[in-house]
Structures are given as structure tokens and as C-alpha cells.
Amino acid sequence: MTKDKYDFIEELLENKSLSQSQREKVLCLLKEEIKKDVSFGKKLEERIEKLENTIVVDNKIPDKKNIILHNPRFVSKYLKKFKENTALKWTTHVWDEKKYETINSFIEELNGDKDYKEIFNYNRDLYNLVNYFIYNPQKELDQNGIPKFGWPNLNEIKIGWQFPNNLLISWCKEYYDKLADEKKYPFQFVLPKEFQPQRPVKGKMVTTFENVVDVFKTEIQFRDNYLYKEIRRRKSKMADFEFVGIEQFEKLDFYTYTNGFLSAVDVVLEEIKKNETEKKILFSYELINDELYLDITQLNSFPSRKIYTNNLSQFLGGGLSSIAASVFSLCDFSIISVFTDQNNNKINGELFITFEGTTGSVLKKETTIESTPWLEKRSSEIEGFTYRFKFYL
Amino acid sequence: MKILFLEDRPDRQLNHLPHKEDAKEIESFPALFMPKSDECKTIFKQINDGEYSFDNDLKIIIAHKSSLDTKGLEHINRFCKANMVKLICFSGGISQITYNNEEYEFLNINSAEFYTERLIPFIKHSINNNFETTLLEIVYKDWKLSYMCLARQIIENLKLETNDSARNEFEVKLEKINSILKFGFTVNSETIQELNKEITKRILLV
């Protein structure tokens, strides 16, 4: 028997690797197909009901453990501890300015700080990264004692201060604790061959623990023109678009989970590419008190999709939801544009998508925003479609 | 005051500088102001609050980067850009040297690489040459030669590299080196012979 498109959709929905939002997208497309289909009959109705049930079964209500809260102020405050005079600072700074008697005295001080546990409630990727780099992620090891999985998003790095098997600590006991004159410092630890990534990570080979630390530092802070370089890299892949204002980012340093923000930038640029006629992208930022407003604007681009003022969530497509999920608890996210409401009225406004009090849920690796956005009218002139990220410094 | 030197950890300075008397010598330059611990911390706070008024005669600001937050760095950047003041940021947390001379001269450097035997000669040289000296003198004994050799290496890498993103990185670096070297020709694969001549001249000069 030959397969029809509905068989294909059925197979697609049965595929376990499909995420919740992908499944929802397939269902939306299915609805469009049905509208076109003249052979809509009882049999097809039954099949659709079956497919919808597939979604409902999978769409479990997340348990309490999987609810996360949007708390960018806490995350920012925590990350700044890496520059304050805390034990955390000495996980990323060379030890020539601070002396610990033994490696254990350092680790004890480090383990005394439990604030990182709270990040679990705000951003899982960042929590997993900090836990891996500093504490004990309890990841499964293979028969040779090598973790099966590495850092979130940097799977090739499989080592931290205490994991796996106190590898670095054992070395420090030998070369830092015991030696008096020719003491070796933790950053000098040469990674065993099997822990050295085969390819460069962020453009550099990782062979010592100092290299590992350097990678970690770029994961928790935009520093030494890292943000500028990353935007410039993306610019080189979008040669037909004009990136305006990126040079000012060259000296912008701030703490955040950089991978989360850069993932959001990638989705923003994908969204921008959908409007091929407006090629100018304006990058800008402004510091107001302790807040950093970072805007990416596609000039002269305005949404064609209507905004339903009585159901603002409907405006959030896959792209916007994905951006909001990537920067959950890293910064507030909003969009500014001239919207068209259900009565064809033009509204100059800012749609706040994540803000204080927003909740989300985590299912597998996917974060879904649970709260409803809100719209605020603006009287100022609007130049296009702006993606606004508000960081708390 | 021509040089403002903000170091809030004098112990670190003493540890890094090659000679015990170096810190005293730095303090002794009349054109240089290095506030003591509490005053230094107050200045950092004022900078971070965006409230510090810099001396209009300043030519160079040297600051411990970890004591500056995002806002403080922005406050200094604005002043340096508007007044063409050179800026050196040092910190134990900086893992690679960043140098930029586009809007104003800016050097980001690790504390250990900053506090070397080149620091005092650099200060002296700057003062004696009306602050025309490049900040790169802190980093390299012969910065021009170092950049020329780096340019040659990048040109060779570009010949082999096929990855677009990596090529782009190399090209941007080469462009930056051109803006630093300021030769009468653009350094690229077509002018490598001229570059080699410049390198030879420089080596013979040294």
C-alpha cells in the first residue's frame, strides 16, 4: 500500500526526537493541508483525532521540578562573583595574587558557596555548566574513567575542578601541596591526552587546565571583544545584509551566559533573513543606571502578522519563543515595532515577552515560556522591528 | 597630571615588578598620579558610578580592569574617545592581549605581562616624547618587527585556509595590522616581497 501525506505526518509525530514546538508546528501545517483537502471525511477525522491524542499524551504538565523562574538579576549577581574576592574568582584567575595552603583548603571554600544551586531554578544550561566546571555533575563515566558527556554545548570539554574523579585535585596534591620551591599551580596541569579535544575550541587548542579556564571565562562573560568578534563572524555569513553599529561593541564587557545570548542572536538573524527586502540591521546598546539595553533592529521592517490584543501569546511564533527561551533568566526580552491589531489599527508598542515574574517549563532540553506577554504603547518614532535584550548589570 | 595609574592592589604590583624599588620609581614621576589604596578605591567607585571627572591634561589612563564594571568601562571609554587619551587595562583575568588604535589607543593586557622590565622605560619614553609613544612598547621589545612577522604568518595561513569563517578572521587581523604598521603599501599576499624587505631592514637596524 502506498503511503499518503497523512501517513507521513503520522510517522513524523511518532518520532520521539521531535520537540514539543516542532510537533505543534507539524500540527499547524496539517491544518493547512486539511483545508486544502477536498476528501475530508469521517476516516480522516478519526485519524486527526488520533494524531491530536499523540500530542496530548506527550504534552505532559511539567512537574514542579521542571518549572523555572525568570530571574536575570540573580544570575547576573552570581556571575559577578567570579570577579569579586570570593573563592569563585580563583577558579578563573591565576593564583599568583592569592595563596591557598593546600588544594583542599581552596576546594572547601569553594564548596561552601551554595548559591550556584539556585541557578537550577533559573537557567538549566548555565547551572549545568557551572556544576560541571566547578563541582560534581555526576555524569556517567566510561570504562576508562572518561565522562560520556562534556560541558553543555561544548561536549568536547570533559573536565572541571573536581570532576571526573578529582583528577585535577590529585595532581595538585602532588605538585602544589607538597612542593615548596617549585610549586606548580592548578592552571599548569597538562590534560591527559584523552581529555584534550581533537580540534580547537573557540579557535584555540585546549591542552592545559588554563586553556579550559579560558574557555569557561568566555562562557560566562563577554570580554576582550568576544561579543564583537562573534557578531562580526555572523556578519561574514550574511554578506548581503548590512550590519550597522557593531564597532561600538568592541569594548563592551558584561557577565552573562554568553552561549545562551549568542543562540538568541542566531535566531534573531534567522528571523531577519525572512524579510529579504530590508537589508539593514542596526546594532546598538545603551547603559541606563545598572541596566544594559541591547537592541538589534531590522530597519524599515514591520510585522505582517496581526497582534490580537485579547490574546497576545498568539503573536509569539517559533522564532520569538525560541529567542525568549535562549535568554531565559539572562535578560528580559521584548520586541518593539508598529503592530497591526485585529481591527487593523496600527499600534506603536513594545511587547514584553520575558520580564520579572515570568515562568517557564523545561521538558527534556526545551524551555517553554508559560507566562503571557504584555503590550505597552509607545509614542516615540519606530524605525523597524527591534529585538530588545535588557541585562541587569 | 598626564598619567593616571589606578592600581588598587599595591601588593600585586610589588610582587610582579622585577625590582623592589620599581614601584617607588613609578610614583616619583611628577607627570604620573598613582593614588594610594583608599583614594584609589574611591576613584574606582566614582568611575563606576559614571561620576568621576578626569583631568583634562590626561594623556594615558592605566587601570586595573577587574575593578571596573561595565558602566565604569563605558565612562572611561567615552572620555578616552572624546579626548584621544590612551587607555591600558590590566588584570590577572585577561588571557590574551588586545590592542586597538581605531578610535584611540587601547591595550588590554594580563597583569604579569604588564608589570615587566618594559614598564618603566615605557613611562619614561612616553613622558620624554610628549606621549607620542605607542602602547605596544609595553608588550614587545620591537613591536614593529613582531607585527611584520605576524602579518607574514597570516598571509601564509590564508594561502592554506579553506574555511570561510577562519579566512575572514585572518583577513580582519591583517587589516588591523595594516592600520597599525601604516606602511605606504597594503600588506597582503601580493606585497609579500616588500614586506620581507621591511623585515630585513628592521633586523639590520636592531
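Quantities reported herein were computed from a predicted structural model and do not represent experimental measurements. We name chains A, B, ... by the order of the sequence lines, and we start the count at 1 in each one. Heavy atoms only: backbone and side chains are in, while hydrogens, waters and symmetry mates are out.
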If one checks every heavy atom of A:Asn225 against chain B at 4.5 Å, the contacting part turns out to be side chain
Output for pair (A:Lys229 NZ, B:Glu169 CD), nearest 0.5 Å, gives 6.0 Å
Cut-off 4.5 Å, heavy atoms of chain A, and the answer for B:Asp49 is neither
Honestly, the part of A:Leu292 sitting under 4.5 Å from a heavy atom of chain B is neither
In this structure, are over 12 heavy atoms from other groups packed under 6.0 Å from A:Asn289 atom CG? no
Q: Give a yes or no on whether a salt bridge exists between B:Glu74 and A:Lys251, defined as a side-chain N under 4.0 angstrom from a carboxylate O.
A: no
(Q) Can you see whether A:Tyr392 has B:Lys71 sitting over its ring - NZ or CZ less than 6.0 Å from the centre and within 45° of the normal? (A) no
Please step through side chain to side chain contact (heavy atoms under 4.5 Å, CB included) for the pair A:Arg233 and B:Asn168, ending with a clear verdict.
-> CA-CA 8 Å; A:Arg233 202 162 61 81; B:Asn168 181 262; 5.9 Å; no
Note to self: Between A:Lys80 and B:Asp69, does any NZ, NE, NH1 or NH2 come within less than 4.0 Å of an OD or OE carboxylate oxygen?
What the structure shows: no
So, the part of B:Ile94 with a heavy atom under 4.5 Å from chain A: the answer is both
When the 4.5 angstrom heavy-atom criterion is applied to A:Glu247 and chain B, the contacting part is neither
Bottom line for A:Lys235: the part with an atom under 4.5 Å from chain B's heavy atoms is neither
Applying a strict 4.5 Å limit to non-hydrogen atoms, the region of A:Tyr285 in contact with chain B is side chain
Check: Among side-chain atoms of B:Gln96 and A:Asp224, is any donor-acceptor pair under 3.5 angstrom?
Finding: no
Separation between CG (B:Asn100) and OH (A:Tyr228), nearest 0.5 Å, reads 8.0 Å
Whatever's closer than 4.5 Å to a heavy atom in chain A on B:Ser66 counts as both
Notebook entry, point to check: Passes side chain to side chain contact (heavy atoms under 4.5 Å, CB included), A:Arg223 versus B:Ser95? Steps please.
Noted result: CA-CA 10 Å; A:Arg223 59 204 312 276; B:Ser95 43; 4.0 Å; yes
